[in-house]
Amino acid sequence: GIRAARFEKRTPEVVGTRIAVVNTDDSTHVEEIVEWNPPQRVALRMQDFSPPLARLATHIEETWTFATSDAGTVVERGFAMFPKNWFAGVFLRLIAPML
């Protein structure tokens, strides 16, 4: 979970906004908003990880998509992980279900 977050850079158009995050396990990373279209899709790029994740991934892309249905709004959340090498990819596959 996230313990604290602060704006590192805040843009009026939202895209490009960067948020410095401290997690409950004391790890850190930066989240950058790369797409902002709340009626349909929002995308973030997580990067600048502290170790040990810094040794495994260059970045992680998180997407949220929204669609309307008869029952209300359908929300889908997805992650794409970008390993530093094939060996790191093995470890990232192990932690992916925790996301």
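What you see below is based on every heavy atom in this structure, not just the backbone, and it leaves out hydrogens, waters and symmetry mates.
Annotation: salt bridge (Lys or Arg N to Asp or Glu O under 4.0 Å) contacts of Arg77 (sequence neighbours excluded): Glu62. With sequence neighbours excluded, the residues satisfying side chain to side chain contact (heavy atoms under 4.5 Å, CB included) with Pro51 are Ala54, Arg55. Partners of Ala96 by side chain to side chain contact (heavy atoms under 4.5 Å, CB included), not counting sequence neighbours, listed by chain and number: Met81. By the salt bridge (Lys or Arg N to Asp or Glu O under 4.0 Å) test, Asp25 pairs with no residue at all, sequence neighbours left out. Checked against salt bridge (Lys or Arg N to Asp or Glu O under 4.0 Å), Arg18 has the following partners two or more places apart in sequence or in another chain: Glu8, Glu32, Asp48. Applying the side-chain hydrogen bond (donor to acceptor under 3.5 Å, both in side chains) rule to Thr17 yields the partners Thr11; only residues at least two apart in sequence or on another chain are considered. Checked against side chain to side chain contact (heavy atoms under 4.5 Å, CB included), Val75 has the following partners two or more places apart in sequence or in another chain: Trp64, Phe66, Thr73. For Arg10, the side-chain hydrogen bond (donor to acceptor under 3.5 Å, both in side chains) test picks out no residue, with sequence neighbours left out. For Asp26, the side-chain hydrogen bond (donor to acceptor under 3.5 Å, both in side chains) test picks out Arg3, with sequence neighbours left out.
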Mind running side chain to side chain contact (heavy atoms under 4.5 Å, CB included) on Leu53 and Ile95 for me, showing each step along the way? CA-CA 10 Å; Leu53 191 53; Ile95 66 168; 4.2 Å; yes
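Hydrophobic cluster membership is shared by Leu94 and Leu56, with clusters built from Ile, Leu, Val, Met, Phe, Trp and Tyr side chains linked at under 4.5 angstrom. By the criterion of side-chain heavy atoms lying less than 4.5 angstrom apart, applied directly or through intervening Ile, Leu, Val, Met, Phe, Trp or Tyr residues, Leu92 is grouped together with Ile60 in one hydrophobic cluster.
When all heavy atoms of Ser50 and Ser27 are compared, the pair lying nearest together is OG-CA, 3.3 Å. Looking at every heavy atom in both residues, Ala88 comes nearest to Pro83 through C-CB, 4.1 Å.
Other residues, nucleotides and ligands place no more than 12 heavy atoms under 6.0 Å from the CD atom of Glu76.
Taking a 4.5 Å side-chain heavy-atom cut-off between Ile, Leu, Val, Met, Phe, Trp and Tyr, the cluster of Val30 contains only that residue.
Note on residues 74-99: pairs passing ring-ring contact (aromatic ring centres under 6.0 Å, His included), not counting sequence neighbours, are His59-Phe82, Phe87-Phe91.
Taking CD1 from Ile2 and OG1 from Thr24, the interatomic distance works out to 9.0 Å, rounded to the nearest 0.5 Å.
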Donor-acceptor pairs under 3.5 Å, side chain of residues 33-43 to any protein atom, not counting sequence neighbours: which ones?
from  : atom 1 : to    : atom 2 : distance (Å)
Glu35 : OE1    : Arg41 : NE     : 2.8
Glu35 : OE2    : Arg41 : NE     : 3.2
Asn37 : ND2    : Gln40 : OE1    : 2.9

